[in-house]
Number of protein chains: 2
Amino acid sequence: MTSTDAPAEAPRARVERAALELFTSRGFDAVPAEEVADAAGISRRTFFRYYPAKADAVWGDFAAHVARLDGLLRAAGPDRPVLATICAAYAEVNDYGEADLPVLRQRMRLILTEPALQAHSQLRYAEIDRVVAAHVARSSGDDPSGLLPRLVAASTRAAATTAFAAWLADDRSDLGRQLHRAFDELAAGFPSLRS
Amino acid sequence: MTSTDAPAEAPRARVERAALELFTSRGFDAVPAEEVADAAGISRRTFFRYYPAKADAVWGDFAAHVARLDGLLRAAGPDRPVLATICAAYAEVNDYGEADLPVLRQRMRLILTEPALQAHSQLRYAEIDRVVAAHVARSSGDDPSGLLPRLVAASTRAAATTAFAAWLADDRSDLGRQLHRAFDELAAGFPSLRS
């Protein structure tokens, strides 16, 4: 590791910021990993040590994100309703400070709209789904590959993704509120449709 | 159009069967469109007239599938609960005869597991979501791009996809039952998690 400058910013954060800027302005396919590495002042080799694939720079430290979600689910008391636990954990891992929102907006816009990232995104989503389905299976006694664990994982993720899309579509909206509203609708069988 | 043989089978069905067989046995990326065309006894040009992209041969006549879903949603009486209408329409367009199940299995296994198809699949899913969100918007008065229409579209599709995955994972299971169970759980806020 040869981090020499910008001591205020960790090298990975610097690479991700450069990647998001370049991919947003010129398109994910048009910017080679080498150029991101250059812009962040690291070598190509260091880039690929941080990020096995170019797409990983868009997702950032997603393994930590998944581990945090898993930790919150495992720490939840067994008496708490399963869906409420999952929604609270999702909301907590996606609770960003005001200062992080511009970068988050770039990141999520790329993830949700860039066609070249879609195959990679399915792998990342599958990691989230695995952790959520495992939590449902621990609570319900079902096999994690059964319909109910899969369904809860897929639909809570759909709710989170929808909240992000609604937030991106409306600059003035609040991400936390969109997430809570989506989870509340999901958990109650979409009460707004009945009113 | 130069359909000369196999009068019992429409050319498109023949191409799709050849495509699914070849992609399943050797992998989507390893089989060029030309080889599918050859196997189905049509020219490369005819293949690309039927299917603008190789991936479209996996999905088959998906525009007709979306149009049928849209028609069922539009035909539903305004007094019927929105979610029940959507689930019934989804179940109806996915109600396959016993004879069609082997091909459907190949098709869905490719769609749900082949990485090279994922980017294309997101476009197809977006067509479904647009039709479902429009139905919710007509009923609720929301903007189709608002949180609720998006959420209902994304989570009913997640339920359908989950039902297909659970069906693929268990050879003896019944697709219709998996779909109904997934939609029933979703519509009632996952009652099985509370029992």
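What you see is a predicted model; the values in this text were computed from it and never measured. Letters go in sequence order (proteins before strands), and every chain restarts at 1.
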Check: Within the side chain of A/N94, is there an N or O that forms a donor-acceptor pair under 3.5 Å with the backbone of A/A91?
Finding: no
Next item on the list: Salt-bridge test for A/E127 and A/R130: reply yes if a basic N is under 4.0 Å from a carboxylate O, no otherwise.
Entry: no
Notebook entry, point to check: Do the ring planes of B/Y51 and B/F47 sit parallel (below 30°), tilted (30 to 60°) or perpendicular (above 60°)?
Noted result: tilted
Check: Does A/R194 reach the main-chain N or O of A/G189 with its side chain, forming a donor-acceptor pair under 3.5 Å?
Finding: yes
Checklist line | B/H180 atom NE2, neighbour heavy-atom count above 12 within 6.0 Å | finding: no
Check: Is it the side chain or the backbone of B/Q178 that comes within 4.5 Å of chain A heavy atoms, both, or neither?
Finding: both
Checklist line | Polar side chain donor-acceptor pair, A/D56 to A/H120, under 3.5 angstrom | finding: yes
Next item on the list: For chain B, find its close neighbours in residues 145-160 of chain A: heavy-atom separation under 4.5 Å, sorted by number, or none.
Entry: A/L147, A/L148, A/R150, A/L151, A/V152, A/A154, A/S155, A/A158, A/A159
Notebook entry, point to check: Is there a donor-acceptor pair under 3.5 Å between the side chain of B/R14 and the backbone N or O of B/A40?
Noted result: yes
Checklist line | Ring-face cation of A/R177 near A/W167 (centre distance under 6.0 Å, axis angle within 45°) | finding: no
Check: Testing B/I86, B/V131, B/T85, B/V93 for side-chain contact (heavy atoms from CB on, under 4.5 Å) with B/L72, which one passes?
Finding: B/V93
Next item on the list: Hey, can you tell me if B/W59 and B/Y125 have their rings parallel, tilted or perpendicular (30° and 60° cut-offs)?
Entry: perpendicular
Next item on the list: Take atom CZ of A/R45 as the centre, draw a 6.0 Å sphere, and report whether it contains more than 12 heavy atoms from other residues, nucleotides or ligands.
Entry: no
Notebook entry, point to check: With only heavy atoms counted, which part of B/A116 is less than 4.5 Å from chain A, the side chain, the backbone, both or neither?
Noted result: neither
Check: So which of B/T161, B/T162, B/L123 has the biggest tally of heavy-atom pairs under 4.5 Å with chain A?
Finding: B/T162
Item checked: chain B-proximal positions within residues 19-32 of chain A [heavy-atom distance under 4.5 Å] -> none
Next item on the list: Determine, for B/E114 against B/R109, whether the closest basic-nitrogen to carboxylate-oxygen distance falls under 4.0 angstrom.
Entry: no
Checklist line | Side chain, backbone, both or neither of A/A165 within contact of chain B (heavy atoms, under 4.5 Å) | finding: both
Check: Highest number of heavy-atom pairs under 4.5 Å with chain A: which of B/S173, B/A182, B/S192, B/A188?
Finding: B/A182
